[in-house]
Amino acid sequence: MKVLKFGGTSMANADSIRQVGTIIKSDPASRFVVVSAPGKREKADTKVTDLLYACFEKKQKTGACDDALAVVEKRFADIVSDLKIKLDLRGEFDAIRNAINSGASRDYAGSRGEYLSALVCAAFLGLEFIDAALIIKFSSSGKFEAELTNETAAKRLAASKGAVIPGFYGAMPDGSIKTFSRGGSDVTGSIIARAAGVSVYENWTDVDGFMTCDPRIVPDAALIDMLTYKELRELSHMGANILHSDSIFPVRKSDIPIHIRNTFNPGAKGTLIVPTKKYLAGAFFRNTRTVTGIAGRKDFIAIHMEKSMMNSEVGFARKVLSVLEEHNVSIEHMPSGIDTLSVIVDGTAVSDETLASTVSHMGTVCEPDNIEVVRDIALVAVVGHGMNRKKGTAAKVFSALYRAGVNIRMIDQGSSELNIIVGVENKDYETAIKALYEELKEM
Ligand code: ADP
Ligand code: ASP
Ligand code: MG
């Protein structure tokens, strides 16, 4: 028995949905289908989720979302008529329009793409529709309730012979809708896979599998046959957004492998994401590489602090961390020297005001000799279990960046030797990824 999740490109238009239908019908093990909202039909197109957020903003600015929502309604009407299914979505759109115009939340608006996409897919496939709001549970403060969800979903799924479930959202105890972060339908797929107790979670997307680098930067990046949950977590958190980094948490509880596959090339073998390096996936999927993959993201901020005798000052790091906690700023990395300590934070997650007040508070509490904020830092991670106790990878990383003329602003290596992370300037990001790929591709 399988759970299959189809991403935005797979749901983008009637042709791709027909292709989804062919994939599901050709595999008798298919049981539960999780879908995203329709994504881009071509490069310049807008995802339905973004159109829906625009509806919410339109209502905020002008008091009504009607014309913005009409664009979404037209997209779905085109899909329904092209698929030639009997499904009248006018009542659904009336309800959505009324809800947004009466003040429904941004999460509610954003979630409707998946809701409608699942209704369409269920009608087209002749399967039951199960609303994620009934089985995916969040607390009243918005925290995902993993165990309650698993119990509720398991019961509901056991009573179904096959169903389509919208990705991306669930509900809080009062019934109001709450979404995961962007790309969160991957997480829903994983929750459904665990609750249904399937043998594999197939995640269908628009590329042949997980590549050693972002194919938009390195078009000839190689396909990774197999990677572990931990490698996935490092790579996807660092920017390989082919799969949401939280997708492993539900499946990890039951050691269910995730198989990434291409809707538009179903014959490709894809990438298998497995619990541990020792997982026996047969000879078909293997990973003998030292470096499994390279990923990165721009727009981090470094707060550098310098203080004489910092190393002998008991509690310095605790003070730094407590200030960050007080301002609700989470840290990505904390590289240090004898008299220096830096914290790296995600610049897209902190506002200028929060950063300014955090830095000033840190100055008063930690009394450093010098405190400096450096913006526009990109982090690049080289990831692979194979690096553990193997000499030479770091040397290759640094010499490749040196030869490419990239200045390294920061270095961090986790104690498990699963990753080497370097901070470079935003402007050097693509150059760094390309140089590392060339240097490490044979490893
Ligand atoms: P979906 O809509 O199916 O969820 P996404 O757009 O979320 O698809 O993820 C697939 C995209 O991820 C690919 O089209 C590719 O551009 C991008 N991507 C980023 N890093 C990688 C990588 N290392 N390997 C493969 N694809 C990657
Ligand atoms: N539709 C949502 C997004 O665009 C969730 C997803 O596609 O996974 O982020
Ligand atoms: Mg995605």
Side-chain angles (χ1 to χ4, degrees), residues 3-12 16 19-20 23 34-40 43 47 49-50 114 167-168 180-191 193 200-252 256-266 268-274 285 287 289 291-298 348 378-384 418-419 429-430 433-434 436-437 441:
V3 164
L4 299 88
K5 178 259 170 180
F6 291 89
T9 339
S10 309
M11 301 306 298
S16 59
Q19 172 67 5
V20 166
I23 290 168
V34 173
V35 294
S36 283
K40 294 182 181 189
K43 218 170 171 210
K47 292 181 174 184
T49 309
D50 291 305
E114 270 70 12
F168 193 37
F180 293 109
S181 58
R182 293 300 301 264
S185 299
D186 291 331
V187 183
T188 308
S190 182
I191 292 167
V200 60
Y201 165 26
E202 288 190 346
N203 187 291
W204 291 80
T205 182
D206 59 357
V207 282
D208 278 351
F210 217 111
M211 314 284 179
T212 49
C213 274
D214 188 335
R216 290 164 295 188
I217 301 175
V218 181
D220 63 345
L223 191 73
I224 307 171
D225 261 25
M226 184 166 124
L227 67 159
T228 65
Y229 289 167
K230 280 189 182 158
E231 288 173 324
L232 166 83
R233 182 100 181 116
E234 296 284 342
L235 287 166
S236 58
H237 176 71
M238 281 306 300
N241 47 18
I242 173 168
L243 194 68
H244 195 293
S245 58
D246 291 347
S247 309
I248 63 156
F249 293 122
V251 288
R252 191 171 70 177
I256 301 166
I258 306 174
H259 190 184
I260 302 205
R261 302 191 64 180
N262 189 349
T263 302
F264 308 98
N265 185 16
K269 82 189 230 189
T271 298
L272 200 65
I273 301 167
V274 298
F285 291 102
N287 183 355
R289 298 170 55 87
V291 171
T292 298
I294 300 162
R297 264 198 290 147
K298 290 184 181 174
T348 60
L379 295 185
V380 178
V382 174
V383 176
L418 175 62
N419 57 18
Y429 172 68
E430 272 91 5
I433 296 267
K434 285 182 187 146
L436 290 173
Y437 172 74
K441 67 180 177 189

Is the closest side-chain heavy-atom distance between Asp186 and Tyr201 below 4.5 Å? yes
For Gly189 and Val3, work out which heavy atoms get closest and say how close. O-CG1, 3.8 Å
Restricting to ring pair (Phe, Tyr, Trp, His ring centres under 6.0 Å), what partner residues turn up for Phe180, sequence neighbours left out? Phe138, Phe144
For Glu430, is there an ion pair with Arg216 - N to carboxylate O distance below 4.0 angstrom? no
For residues Leu243 and Ile273, determine if any side-chain heavy atom of one lies less than 4.5 Å from a side-chain heavy atom of the other. yes
Take Thr292 and Ile224 through the side-chain contact (heavy atoms from CB on, under 4.5 Å) test and state the conclusion after the steps. CA-CA 7 Å; Thr292 298; Ile224 307 171; 3.8 Å; yes
Could you tell me which non-hydrogen atom of Ile260 sits nearest to which non-hydrogen atom of Gly209, and how far apart they are? CG2-CA, 4.0 Å
Checking Ser190 side chain against Ile248 main chain: does a donor-acceptor pair fall under 3.5 Å? no
Is there a donor-acceptor pair closer than 3.5 Å between any side-chain N or O of Glu114 and the backbone N or O of Ser36? no
Mind checking the CZ-OG1 spacing from Arg261 to Thr205? Nearest 0.5 Å is all I need. 13.0 Å
Between the CG atom in Asp208 and the OG1 atom in Thr271, the distance rounded to the nearest 0.5 Å is 8.5 Å
Taking atom CG of Asn262 and atom CG of Asp206, what is their separation to the nearest 0.5 Å? 7.0 Å
Residue Lys441 excluded, over 12 heavy atoms near NZ under 6.0 Å: yes
Under 4.5 Å between any side-chain heavy atoms of Lys47 and Pro38, yes or no? no
So Val383 and Leu418, do their side chains get closer than 4.5 Å, heavy atoms only? yes
Counting only N and O atoms by type, is there a donor-acceptor contact under 3.5 Å from the side chain of Thr212 to the main-chain atoms of Ala222? yes
Show your reasoning for whether side-chain contact (heavy atoms from CB on, under 4.5 Å) applies to Phe6 and Ser185. CA-CA 9 Å; Phe6 291 89; Ser185 299; over 6 Å; no
Would you mind reporting whether Ile217 and Tyr437 have side-chain heavy atoms less than 4.5 Å apart? no
Let me confirm one number: the CZ-CD1 distance from Phe264 to Ile23, rounded to the nearest 0.5 Å. 8.0 Å
Do side-chain atoms of Glu231 reach the backbone of Thr228 as a donor and acceptor pair under 3.5 angstrom? yes
Show, in sequence, the C-alpha distance, side-chain angles and deciding distance for Thr49 and Arg182, and conclude whether the side-chain contact (heavy atoms from CB on, under 4.5 Å) test is met. CA-CA 9 Å; Thr49 309; Arg182 293 300 301 264; 3.7 Å; yes
Is there a side-chain contact between Lys269 and Asp225 in this structure, where contact means two heavy atoms from C-beta onward sitting under 4.5 Å apart? yes
Lys434: partners by side chain to side chain donor-acceptor pair (under 3.5 Å), with sequence neighbours left out: none
Nearest heavy-atom pair of Arg297 and Tyr429: which atoms, and what distance? N-CE1, 3.7 Å
Could you grab the distance from atom OH of Tyr229 to atom CZ of Phe249, nearest 0.5 Å is fine? 11.5 Å
For Thr188 and Lys5, what are the C-alpha separation, side-chain angles and deciding distance, and is it a side-chain contact (heavy atoms from CB on, under 4.5 Å)? CA-CA 9 Å; Thr188 308; Lys5 178 259 170 180; over 6 Å; no
Taking all non-hydrogen atoms of both residues into account, name the closest pair between Val34 and Gly167 and its distance. CG1-CA, 3.8 Å
Roughly how far, to the nearest 0.5 Å, is the NE2 atom of His237 from the CG atom of Asn419? 10.5 Å
Residue pair Ile433 / Asp214, side-chain heavy-atom distance below 4.5 Å: no
Give the minimum heavy-atom separation between Val380 and Met238, together with the two atoms involved. N-CE, 4.2 Å
Where the side chain of Gln19 meets the backbone of Thr263, is there a donor-acceptor pair that is under 3.5 Å apart? yes
May I have the step-by-step check of salt bridge (charged side-chain N to carboxylate O under 4.0 Å, His left out) for Arg233 and Asp246, ending in yes or no? CA-CA 7 Å; Arg233 182 100 181 116; Asp246 291 347; 3.1 Å; yes
Going by the rule side chain to side chain donor-acceptor pair (under 3.5 Å), which residues pair with Ser245 if we only count those two or more places apart in sequence or in a different chain? none
Minimum heavy-atom separation for Phe210 to Ala240, with atom names? CZ-CB, 3.6 Å
